[in-house]
Structures are given as C-alpha cells and as structure tokens.
Amino acid sequence: MNEYTRLADTIFPNIKETLEDIEKKYPPRNISSSAEVTRFAPSPTGFLHTGSLCTAMIAKKVAKDSKGIFYLRIEDTDQKREVAGSDEQVTKELIKFNIVPDEGYFSEVLEKGKYGPYKQSKREYIYQVIVKHMISQGMAYPCFCSFEELDAIRKIQEAKKERTGYYGEYATCRNLTPGEAISRVQAGIPYVIRFKSKGNHMEHFAIHDEVKGDLNLSQNDMDIVLLKSDGLPTYHFAHLVDDHFMHTTIVIRGEEWLASLPIHIELFDTLGFKRVKYAHLPVIMKIDETGKKRKLSKRKDPEAAVSFFLEAGYPVEALMDYLLTIANSNYEQWMLANPGVSSDEFKFSFAHTASDGALFDLDKIKNISKDNLARKSGEQLTEYAYKWSKEYSKDLKEIIDRDYNYFVKIMSIEKDKENPRKDYENYGEIFDKVKFFYDDYYEEIYNKGLDLRSDFSHELIKKVIANFIEYSDMKLKEEDWFEVCKENAKQIGFAPNKKELKNNPDIYKYMIADYMEIIRVIITGRKNSPNLYYCLNIIGLPRILERLEKVAGNL
RNA sequence: GGCCUGUUGGUGAAAUGGUUAACACAUUGCCCUCUCAAGGCAACAUUCACGGGUUCGAAACCCGUACAGGUCACCA
C-alpha cells in the first residue's frame, strides 16, 4: 500500500467502491452515435430565470433534433443559497413551457432514468468515491488552509499584482507529504480536497466551442477545490463527475462558465474521461438606469423571472418564439414563413447562434404574442384564456363561467376575416376590454360617467338615439346595416363620409363617425371597440335598447 | 489590473471580397376606415466602433486603438 492510498483511506475509511465500480453502474447509453445527450442543471436558488429558460429550451431542442436525451439535474451543492422548494418550482415552471425532461428530477418523490440520483446532494457518495480515487493517484490532496490564510495569500498576490488564486508556490498544501497530511487529518484539522493541477498558465491549448468557435485558452494551473469542507462538491467537480457518468455529450450553459473551461478540460483529461462538447450561450442583457448594459437581473427586472410572463398571460409559445429568435438568427424568418407551425418543427443550429448577448426586447414579445393570439380561433382563445384565468384571474374566470358560449362569441369577433383582429397582447388584457358585454360591469362603467364628447349637445345625442332606435335593423347583414345607418344619419344631418363633410361645411357639422361614436360610447362605454355591428349583435337588441333609453332618459 | 469574448440602424439581425447593406420589431408619415385593432404603401445606417494596412475592389482579411460584456470563491 503506497502513501497516497493510505492518505485516501484515512480520509475516506468507509468508501470501499472504486472508480471502476461506479463506471459499471452507469454504462454508456444505448443510443445512436449522432444522438446528443443534453441537460439543464439549475441550482435551486429561486424562480426560473428567463435566461435559464432559454438555455433549457436550447438543450431540449438539441436533444430532440438529434433523437437524443434531455435530462434535468438539480445542482444543490450550496446549502447556504438554497431556497426551499425552488427545485420543484423550477421543474414545474419548465414543464409549463412544454420543456419536459426525458429523464431526471421531477420532485422529491419522483425521478426518471437510470443515471440518478439527479439531485447532487444525493450523490455525495459518488463524488467521494471519485475523490478517493484521485487522492490515491496523487491527483488531489487535502488542503488545511483556513479562510484567513487564503485571504492573506490573496492580499499578497494583489499587492504584487499577480493572479489571485491557489496555484504554484502559493499552493502550499500540495507539498505536504502524505504522512503529514494524514497526521493533520487525524488531528482533526478541517480541510478541503483540492485538485493537484499539472497545467502551465503560460501555455495555451486549442478548444472548439459550438457557439464561440475555435478558442485558444491558457491552461489551468489552479488547485481548485473539489470537495468543500462540508463534503459536498464544487460546481467544477460535480460537472466532471455528473456529466461523465450521466453520459452528457454536449454541455449547454451560460457564457459565465467560459472562463473556467480550462479547469473542466484539465479535470476531464486527468481522469481520462472523454471530453464533452461545449456550447457557451451569451447572456440576455438589458440597459440599466445609467445607460449601461447588464445582465437581466431577477432583483431589478420583473421580466427576468418567467413567472412574469405566466402571470401577465402571454401564451407560452410566444415567449418561446421570442427566445428562439434570440437563440437562432434564422428562426424569425422561418417563423414568418411558417405561420402557426410549432417551433418543434424548426431545426436548431449553433451555427446561427450569436456569440454576444442580445438586449431583451419586450416590444418584440408583445408583437409575437399578439400574432399568436390573433391566429387562435374564438374557441381556442376562450379555452386558453379560461385555463389561464383559473390560475391568474378570478374576474375573468367568473365571467367565462357565467356563459361559456357567450364568451366564445366575444372572442370570435371578426376572426373569420382575412386579417383577424390583434386586440390582445396577453390573456391579462382581455377582461378589461370585454367587460362592457356584461350588464353589471356596464352598470359600473355607466355610473362612472360615459365619456361623451362635450361638443355633442344633449339634444343631438337624443336625436341620434331616437334615430338609431327607430331605423337600425340588426337583422341586416353587416354591410347593409351600416349603409342603413349612414342613410339614417344623413337624415338628421350627419355627413356619410369625410369628403362630404369637408366639401359641404354649411350643410354638415358632423359625420357618420360622430354618429357611431355616440352609439359606441353609450353601448360599450368606450371610444374604441371592435366592430360595433358585432358588439351590438352579441349584446342583443333588448339590452341595447335598455342602455340607449337609459341614457336618453337621463339627459 | 490579468485572461477570454465581442462591436452592422433605437432593438434583434442578414450579408462569409464584387452593383442601391435583406428581413423583423419599434418609431414617423400617408392610404383604407364607424372608432380601435389590423392591413397596404412609404420614410428611417451616404455606411458597417475608430485609425491604418492588404486588394482592381472590404462591413467582410490583417494590425493597432477605443468601447462593451464575461471571469478571477470552500457560489453556481
């Protein structure tokens, strides 16, 4: 038994299994060589971030496009930052956006797949086996430096204007003999396990990134921490172990990880593990108050949390479409050329992924969302809005519940036209725009006061109401009905069009638009509404008369 | 500060050495129109961060400069 093995046994006396044993437990996946295995690996520190959703979407797409596997892994190795329950929350939100993992973590009681556990805190044993192996091979060692000592080292480095970190001559614990290390461990001195880097910072190596292209990076020479004093791994080590044994083929993550790529490469090479491919995605940016670019921030930007879009009632496909336009520059053209086709049909390619971060553009999402809602039929729109309302809007749910078909009629206004109306940006806007179709809400609007223009005299308004009641025939077809309205209006002095009004200022003071405005405001309580003919038809003659007579009577 | 990455209009971007720098969002104007929402048409980068070079020819290639972002933890 050599010294390193003794050290390893001293630190992990209860670990009997070897690296080979673990390898056997997680054999290569039985999939074709072109199939990609991707993962989404959030740390449960809060709600799902819009940028993370984008990353997850891409990972899912890459797996799906290649008939591979997409799995979800929870990276909960930092117990200090952990927010209770957010692992399940993130998972649920992901699924709401139709990003359903093929395997991985679903909840505390449900995991799918043979490569688990998929929650890092439950994989402690595996990490320890690997670390023990590394110690016994002289690839890793215990470090007894305290936070204070580390801090002192950093200060010296800063003073000398050298790189900060635990490396080279500063990595004092790497020179401890196994014997010395054993006695310190036995003496109960706290320690972490560090990687013994063989890299040279002055030397470079070539590496290909799917997004960034060919890179030339400095070798790593940091003796980074593998296992923290609490026995849990750092991100770097967990990445090595998990992505190796779960047989990830391509790691898709944010570009904040690019700087530590040399560490990961050295780790994979040292263990003799097959390197994975990498795709480092740019982060979504935003212009802050001072005019500077910065990352979308969960604290400052409501749109950084996906719940923002869920609550506002944007269709999930709209957000996904938008994120895809950022992720693949050719997606927008494809989307325009294939209206209504699911984005699942689109082939994602890293060749069209920008390498710098886009500014988040809410206007664009609104536009995409409007299009999306306009394309839905009245029935579909009602179905989706109703589903949304169950979770996010009592008021909307309540009016739909009163009479589902009545609501469908409202949502169907002019849907059969060549260019359907784009009335709503999201489900959250519907209620307010639709209230007037309901008598109790109309009553509310009426009581607040109808917004009739002040240059309309009471006499004029009464005249219009009387004329409309007498001559308007709701049984007519739309065009005919409107023609009749024009004629009637003309009888009481309203020009039938702009030209006539302009050309005959002595005859006309008002035109048909004004006539209709009076009716519109009285019936709907607003100056703008969808096509009046359809509104009136849905509300029905008795209630129209009621509203008109009420106004006339109170003038 | 070191290292890495990037820079085409207000925004997302196309164009990978060859005529007027696509397209989409936003904005503005006009048309259509019962209002609104749409829709149609048009305007919006004399120029691709800046300086130099290579070339018959550069937004594209090379070199500098500037600016921006990322990163330098027992956080991920």
Side-chain angles (χ1 to χ4, degrees), chain A residues 41-45 75-78 80-81 120 143 145-147 150-151 154 157-158 161-166 190-194 201 209 211-213 215-218 222 224-230 232-236 238-239 253-262 280 282-283 285 287 292-295 322 325-326 329-330 332-333 335-336 352 354-368 370 374 413-414 417-424 433 482 485-486 489 496-498 511-521 524 526-533:
Chain A
S43 48
T45 53
E75 310 226 319
D76 60 338
T77 56
D78 185 3
K80 291 184 290 289
R81 292 205 312 160
Q120 289 179 334
C143 168
C145 292
S146 64
F147 287 102
L150 259 16
D151 212 42
R154 206 190 64 241
Q157 290 167 331
E158 279 170 357
K161 293 198 189 316
E162 288 179 1
R163 286 182 301 130
T164 54
Y166 204 78
Y191 59 87
V192 298
I193 306 296
R194 284 186 186 272
H201 184 67
D209 183 89
V211 175
K212 303 279 176 185
L215 304 173
N216 207 8
L217 305 175
S218 286
M222 296 284 169
I224 55 112
V225 172
L226 262 17
L227 232 46
K228 299 180 279 186
S229 52
D230 62 6
L232 256 17
T234 56
Y235 172 88
H236 309 299
H239 159 48
R253 61 181 12 171
E255 73 177 337
E256 66 269 22
W257 292 110
L258 195 58
S260 44
L261 185 53
H280 288 93
V283 288
M285 310 293 282
I287 300 285
K292 279 203 164 188
K293 254 188 173 186
R294 59 135 222 265
K295 250 165 125 169
Y322 172 68
T325 64
I326 293 185
S329 59
N330 56 332
E332 194 173 3
Q333 303 263 7
M335 181 177 74
L336 261 20
H352 294 102
S355 62
D356 61 335
L359 251 29
F360 195 76
D361 188 353
L362 198 56
D363 278 333
K364 191 102 176 182
I365 297 172
K366 287 178 180 173
N367 178 271
I368 293 172
K370 265 187 176 180
I413 292 175
E414 292 190 295
K417 296 257 164 105
E418 197 183 340
N419 296 307
R421 302 184 56 85
K422 297 187 179 178
D423 277 320
Y424 314 113
K433 293 193 171 174
F482 186 54
C485 284
K486 271 188 188 173
N497 57 51
K498 232 182 242 168
M511 62 174 284
I512 182 68
D514 302 307
Y515 179 96
M516 297 308 276
E517 181 178 325
I518 290 170
I519 302 299
R520 185 188 312 281
V521 169
T524 72
R526 30 197 319 157
K527 282 207 168 73
N528 48 33
S529 76
N531 190 319
L532 240 198
Y533 172 79

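Each chain gets a letter, A, B and so on, in the order the sequences are listed, and its residues count up from 1. In this text, all values refer to a predicted model and were calculated from it rather than measured experimentally.
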Enquirer: Need the pair for B:C75. Rule: Watson-Crick or G-U wobble, both distances under 3.5 Å, any strand; none if unpaired.
Expert: none
Enquirer: So for atom NZ, which belongs to A:K161, do other residues, nucleotides or ligands contribute more than 12 heavy atoms lying within a distance under 6.0 Å?
Expert: no
Enquirer: Looking for any heavy atom pair under 4.0 Å, which part of the strands does A:L336 touch: base, sugar-phosphate only, or nothing?
Expert: sugar-phosphate
Enquirer: Any chance you could list the contact pattern along nucleotides 71-76 of chain B? Use B for base contacts, S for sugar-phosphate-only contacts and - for none, protein heavy atoms under 4.0 Å, 5' to 3'.
Expert: SSSBBB
Enquirer: Which letters describe nucleotides 40-45 of chain B, given B = protein heavy atom under 4.0 Å from base, S = only from sugar-phosphate, - = neither?
Expert: ------
Enquirer: For B:C25, what is the paired nucleotide under Watson-Crick or G-U wobble rules, both distances under 3.5 Å?
Expert: B:G10
Enquirer: Is A:K293 atom NZ crowded by more than 12 heavy atoms from other residues, nucleotides or ligands, each under 6.0 Å away?
Expert: yes
Enquirer: Choose from B:G69, B:C34, B:C25 the nucleotide whose nearest atom is closest to any side-chain atom of A:N367.
Expert: B:C25
Enquirer: Nearest to the A:D423 side chain among B:A37, B:A14, B:A22, which nucleotide is it?
Expert: B:A37
Enquirer: Both A:P530 and A:D361 contact RNA chain B. Taking the nearest nucleotide for each, which residue is further toward the 5' end?
Expert: A:D361
Enquirer: Can you figure out which of B:U5, B:A37, B:A24 approaches the side chain of A:E332 most closely?
Expert: B:A24
Enquirer: Pick base, sugar-phosphate or nothing for A:S529, based on heavy-atom distances below 4.0 Å to the nucleic acid.
Expert: base
Enquirer: How close do A:K212 and A:D209 get, heavy atom to heavy atom, and via which atoms?
Expert: N-OD2, 2.7 Å
Enquirer: Just by modelled atom types, is the A:V225 backbone N or O under 3.5 Å from a matching donor or acceptor in the A:T234 side chain?
Expert: yes
Enquirer: Quantified in whole Å, what is the P atom distance between nucleotide B:A26 and nucleotide B:C63?
Expert: 41 Å
Enquirer: Among B:A37, B:C34, B:C25, which nucleotide has an atom closest to any side-chain atom of A:K370?
Expert: B:A37
Enquirer: I'd like to know if A:K364 reaches the base of B:A24 with its side chain such that a donor and an acceptor end up less than 3.5 angstrom apart.
Expert: yes
Enquirer: Tell me, for nucleotides 59-67 of chain B in 5' to 3' order, what letter each nucleotide earns: B for a base near a protein heavy atom under 4.0 Å, S for only sugar-phosphate near one, - for neither?
Expert: ---------
Enquirer: Can you check whether A:Q120 reaches A:L232 side chain to side chain, under 4.5 Å on heavy atoms?
Expert: no
Enquirer: Of the candidate nucleotides B:U35, B:G6, B:A26, which contains the atom at the shortest distance from the side chain of A:S355?
Expert: B:G6
Enquirer: Can you check whether A:K293 has a side-chain N or O nearer than 4.0 Å to OP1 or OP2 of B:G6?
Expert: no
Enquirer: Assess whether one donor atom and one acceptor atom, taken from the side chain of A:N531 and the base of B:C36, lie less than 3.5 Å apart.
Expert: no
Enquirer: Under 30°, 30 to 60°, or over 60°: which ring-plane class applies to A:W257 and A:H236, parallel, tilted or perpendicular?
Expert: perpendicular
Enquirer: Looking at every strand, decide which applies to A:A374 at a 4.0 Å heavy-atom threshold: base, sugar-phosphate, or nothing.
Expert: nothing
Enquirer: For A:L215 and A:M285, take the nucleotide of RNA chain B holding the closest heavy atom to each; which residue's nucleotide lies nearer the 5' end?
Expert: A:L215
